[in-house]
Number of protein chains: 2
Amino acid sequence: MSRRNTAVTDQVAPPEEECPLPEVLGLIGDKWSAQVLLELGHGPRRFTQLERAVEGISRRMLTLNLRALERNGLVTRTVHPDAPPRVEYAVTPLAEEIREPLEALAAWARRNRAALSAARRAYDRRG
Amino acid sequence: MSRRNTAVTDQVAPPEEECPLPEVLGLIGDKWSAQVLLELGHGPRRFTQLERAVEGISRRMLTLNLRALERNGLVTRTVHPDAPPRVEYAVTPLAEEIREPLEALAAWARRNRAALSAARRAYDRRG
DNA sequence: CGGGATCCGCCCGGATACTG
DNA sequence: CAGTATCCGGGCGGATCCCG
């Protein structure tokens, strides 16, 4: 193939007139993209920095996610002509806007962590 | 198996002290859960109503998603002793809070739909 | 350092059929 | 109506190796 590899890169919005949630979930609903985005929200990061910050992500998936984010205009990739190679990623203004609701989701999760696990335990106990 | 079937039901928060995003994405990051949640936000719905409203979801996945949402305390399931059977689903107060950031995400997607597809076309054209 | 290419196992989820 | 059971193909993503 000329570009792209397996998966997440290919998300394209359907032309239909419908609920926008699938689109946004196609962008950041996967396992890693949102975390990458939030980490980049703290400031520009190099590839290896992201690899360590996100923790658990594989080199491959980080690359794929970054490509997808770049393709959708959420992240910029700038190569500095140094030796050793130096590549910096940063969020675009478009991504800045989406970070707010994303942080809100994270905040909600933190607030209700206990309630969630309690609900699960109750559900599992009742069978 | 006694309960549960394939997948989405099993999400359990890791005990570690870390970023809450994976947790919330485990709850509503999949293809359908968020849409189900938003639809239920409009008011209580019966199974078949949801099946038609969400559009594209299979009976199986709707069941799985509802079970997962119920397990995490986001949705209540009430069976009315009628004939024919009547089951109503509704959001809990816990879910009410998460609907706001979710709507914000959807709004963001609607606002930037054009920008996103433009970014993709540009990226693809450049190779 | 910052990737790309390939292999491959597993899980996700659609299709279909059956049930109280 | 509101599910459950089973089958099964595809793709998602980890592991590994290689490269400029």
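Letters go in sequence order (proteins before strands), and every chain restarts at 1.
The side chain of B:Arg59 sits closest to D:dG3 out of C:dG2, C:dG20, D:dG3. Of the candidate nucleotides D:dC1, C:dG2, C:dG14, C:dG14 has the atom lying nearest to any side-chain atom of B:Trp32.
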**Report entry** Test side-chain contact (heavy atoms from CB on, under 4.5 Å) applied to B:Phe47 and B:Thr63, step by step
**Finding:** CA-CA 8 Å; B:Phe47 187 87; B:Thr63 301; 3.5 Å; yes
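Rounding to whole angstrom units, CZ of residue B:Arg86 and P of D:dA2 are separated by 9 Å. Atoms CD1 (B:Ile57) and P (C:dA15) sit 12 Å apart, rounded to a whole Å. We find that CG of B:Leu64 is positioned 12 Å from C1' of D:dA5, with the value rounded to whole Å. Atom pair B:Lys31:NZ and D:dG11:C1' shows a separation of 12 Å (rounding to whole Å applied). Distance A:Asp30 CG to C:dC11 P: 19 Å, rounded to the nearest Å. One atom, CG of A:Leu66, and another, C1' of C:dC1, lie 14 Å apart when rounded to the nearest Å. Residue B:Asn65 contributes atom CG, which lies 16 Å from atom C1' of D:dA2 at whole-angstrom precision. As rounded to whole Å, 19 Å separates atom P of D:dC19 from atom CZ of A:Arg60.
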Sequence neighbours excluded and cut-off under 3.5 Å, please list the side-chain donor-acceptor pairs for residues 73-81 of chain A, or say none.
unit_1, atom_1, unit_2, atom_2, d
A:Thr76, OG1, A:Ala90, O, 3.4
A:Thr78, OG1, A:Glu88, O, 3.2

Identify each donor-acceptor pair in which a side-chain atom of residues 93-106 of chain A lies under 3.5 Å from a protein atom, sequence neighbours left out, and give them as a table.
unit_1, atom_1, unit_2, atom_2, d
A:Glu96, OE1, A:Arg99, NH1, 3.2
A:Glu97, OE1, B:Arg111, NH2, 3.0
A:Arg99, NH2, A:Glu103, OE2, 3.0

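When side chains are defined from C-beta on, B:Tyr89 does not count as touching B:Glu39, because their heavy atoms never get closer than 4.5 Å. At a threshold of 4.5 Å between non-hydrogen side-chain atoms, the residues A:Trp108 and A:Leu116 count as touching. Annotation: side chain of B:Leu50 is in contact with side chain of B:Leu66 (closest heavy-atom distance under 4.5 Å).
Contacts of residues 39-51 of chain B with DNA chain C (heavy atom under 4.0 Å): none.
In this structure, B:Arg67 reaches the D:dG3 phosphate: one of its side-chain N or O atoms is under 4.0 Å from OP1 or OP2. Look at A:Ser58 and you'll find a side-chain N or O under 4.0 angstrom from OP1 or OP2 of D:dG14. For the OP1/OP2 pair of D:dC1 and a distance below 4.0 Å, the side-chain nitrogens and oxygens of B:Tyr89 include no atom meeting the criterion.
The structure places CD1 of B:Ile28 at 11.5 Å from CD of B:Gln35, a figure rounded to the nearest 0.5 Å.
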